[in-house]
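Data block below; observations after.
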Amino acid sequence: MHQPPGEPTGTTSASTPSPRPDAAARRTPGTAGASGGPARRTRADRARQVAEVLRRQITSGAFPSGVLPDERTLIGDFGVSRNTVRAALGSLRDEGVVERRRGVGTVVRRRPLEHTLERLTGLAETLDVHGPVSNRVRVADTVRPPAEVARKLRVPEGGKVVYIERLRLLAGVPLSLDLTYLSEDVGTPLLRADLTGRDLFGLIEQSTGGRLGSASVTVQAVSGDPHTCALLEVPAGSAVFSVERLSRLPDSRPVDLEFLYIRGDRLAFHAELLREPATGAGPVRPPLEGHADDSRSPDGTDGT
């Protein structure tokens, strides 16, 4: 049985990119600690930033022809050197996102697919437009749960759960390894269901006779362990999304705890978020030094 790995072996994070990395670097000369300003950014910093912008463009559907702009265009767009552009493209090639084709240029090899975090949906519900989703069932049985699983599913002492482990494929290529613990009464009927061709959400709703209500989701980027990476058919240590999702019925009863390990090169998570108005806010602070009050005109008067 493939149990969820323990503490992740590594994490990654992405910073908000600037459209012209070199220009930003030229505006902040000096070294850290000198005049209190930031350090001058290296070529590797700028290349990483260019690669991140291009990666997000590819994910969002830019370059519909599949061909990236040539080096001269990218140099002008980002305000960076030729070596910086080549380093950025080399990074994307190493990730398998693009490849160089003689006589054509740099082309998109694979676009990560977007999966929303705004709705509670199964993988097939979201991604079936990109190809058939199939499942290889590795384990489907009734087991005694680990203590943390029992706590989250509110399983009484000595109780059991249904454990289902599946390797999920999109268009025949591994996408995720799903480890699922279900409340025994909800999961037992699923042991006789079609686990190879259907999302568990639909099967759970068929078992309970109603829709699922809500879920708590945690997403973390980790370096995949050798066993998980072998199943996902990626090199050991590759970037993997580790997703924990606890789904509940409309009465808030937790019935489905999942640990998902998703290839980082095949999926991108997306959400549109709103910033709610502040509650109980104190007095408005004065603008930061160097930022003019919007109510004043450019010449410093109040505009009257």
Side-chain angles (χ1 to χ4, degrees), residues 3-5 8 11 112-130 133 135 139-140 142-157 159-166 168 170 175-191 193-195 197-222 240-264 266-280:
Q3 295 293 341
T11 60
L113 306 173
E114 289 197 345
H115 185 69
T116 182
L117 291 175
E118 298 173 346
R119 298 182 303 277
L120 185 54
T121 58
L123 190 68
E125 292 177 286
T126 304
L127 301 179
D128 60 355
V129 295
H130 300 287
V133 175
N135 311 299
V139 181
T142 301
V143 301
R144 293 197 182 278
E148 182 66 6
V149 172
R151 184 185 68 81
K152 291 187 175 183
L153 289 178
R154 302 177 190 170
V155 178
E157 185 176 354
K160 293 186 177 183
V161 298
V162 169
Y163 176 73
I164 298 172
E165 181 175 315
R166 303 191 299 176
R168 313 206 68 187
L170 176 63
L175 177 62
S176 71
L177 178 65
D178 296 8
L179 285 57
T180 304
Y181 296 89
L182 300 162
S183 297
E184 188 174 15
D185 61 320
V186 172
T188 297
L190 273 61
L191 296 176
D194 177 17
L195 296 174
R198 294 187 59 184
D199 271 340
L200 288 187
F201 281 173
L203 294 173
I204 291 171
E205 290 172 344
Q206 182 177 316
S207 173
T208 61
R211 300 279 285 179
L212 284 165
S214 63
S216 300
V217 180
T218 302
V219 181
Q220 188 175 17
V222 303
V240 174
F241 288 118
S242 172
V243 181
E244 179 181 327
R245 181 170 60 195
L246 179 64
S247 301
R248 309 176 189 87
L249 298 178
D251 63 3
S252 297
R253 176 193 168 200
V255 295
D256 174 20
L257 177 60
E258 297 173 282
F259 299 94
L260 316 177
Y261 300 94
I262 304 171
R263 282 177 52 162
R266 299 210 66 200
L267 202 68
F269 290 98
H270 174 79
E272 293 288 340
L273 307 177
L274 296 177
R275 181 170 170 81
E276 296 185 355
T279 58

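The shown structure was predicted, so the numbers you read here are calculated from the model rather than taken from an experiment. Hydrogens, waters and symmetry mates are skipped; everything else that's a heavy atom, side chains included, is used.
Taking the side chain as every heavy atom from C-beta outward, L182 and V255 never approach each other to under 4.5 Å. Between E244 and L257 there is a side-chain heavy-atom pair separated by less than 4.5 Å. Side chains of V133 and R168 form a contact here, defined as non-hydrogen atoms less than 4.5 Å apart. Looking at heavy atoms from C-beta onward, T142 lies in side-chain contact with L191 at the 4.5 angstrom threshold. Residues L179 and E258 form no side-chain contact, since every pair of their non-hydrogen atoms from C-beta on lies 4.5 Å or further apart. When side chains are defined from C-beta on, I204 counts as touching L190, because their heavy atoms get closer than 4.5 Å.
The closest donor-acceptor contact from the side chain of N135 to the backbone of L195 lies under 3.5 Å. Within the 3.5 Å criterion, the main-chain N or O of L203 finds no donor-acceptor partner in the side chain of S207. Distance alone, capped at 3.5 Å, places no donor-acceptor pair between the S242 side chain and the V222 backbone. Without hydrogens or angle criteria, D194 side chain to G197 main chain gives a donor-acceptor distance under 3.5 Å. Looking only at distances, no side-chain donor or acceptor of D199 sits under 3.5 Å from a matching main-chain atom of F201.
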Check the pair T208 / L249 against side chain to side chain contact (heavy atoms under 4.5 Å, CB included), numbers first and verdict last. CA-CA 9 Å; T208 61; L249 298 178; 4.1 Å; yes

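Residues satisfying the side chain to side chain contact (heavy atoms under 4.5 Å, CB included) criterion with P250, sequence neighbours excluded, are absent altogether. Looking at residues two or more places apart in sequence or on another chain, you find no side-chain hydrogen bond (donor to acceptor under 3.5 Å, both in side chains) involving D256. The salt bridge (Lys or Arg N to Asp or Glu O under 4.0 Å) check on E205 picks up R211, with sequence neighbours excluded. Under the rule for a side chain to side chain contact (heavy atoms under 4.5 Å, CB included), E157 has no partner lying at least two apart in sequence or in another chain. With sequence neighbours excluded, the residues satisfying side chain to side chain contact (heavy atoms under 4.5 Å, CB included) with A150 are P145, V155. Annotation: side chain to side chain contact (heavy atoms under 4.5 Å, CB included) contacts of E148 (sequence neighbours excluded): R151, K152.
Across all their heavy atoms, L246 and P254 have their closest contact at CD1-CB, 3.9 Å.
With values rounded to the nearest 0.5 angstrom, R245 atom CZ is found 11.5 Å from S216 atom OG. Considering CG of L153 and OG of S183, their distance stands at 5.0 Å, rounded to 0.5 Å.
In this model, no donor atom of one side chain and acceptor atom of the other lie less than 3.5 Å apart for T180 and R166.
Considering D178, V219, V243 as possible partners of I262, the one that fulfils the side-chain contact (heavy atoms from CB on, under 4.5 Å) test is V243.
Taking the six-membered ring where the residue is Trp, Y163 and Y181 present tilted rings, their angle falling between 30° and 60°.
Comment: K160 does not engage D185 in a salt bridge, judged by the lack of any side-chain N to carboxylate O separation of less than 4.0 angstrom.
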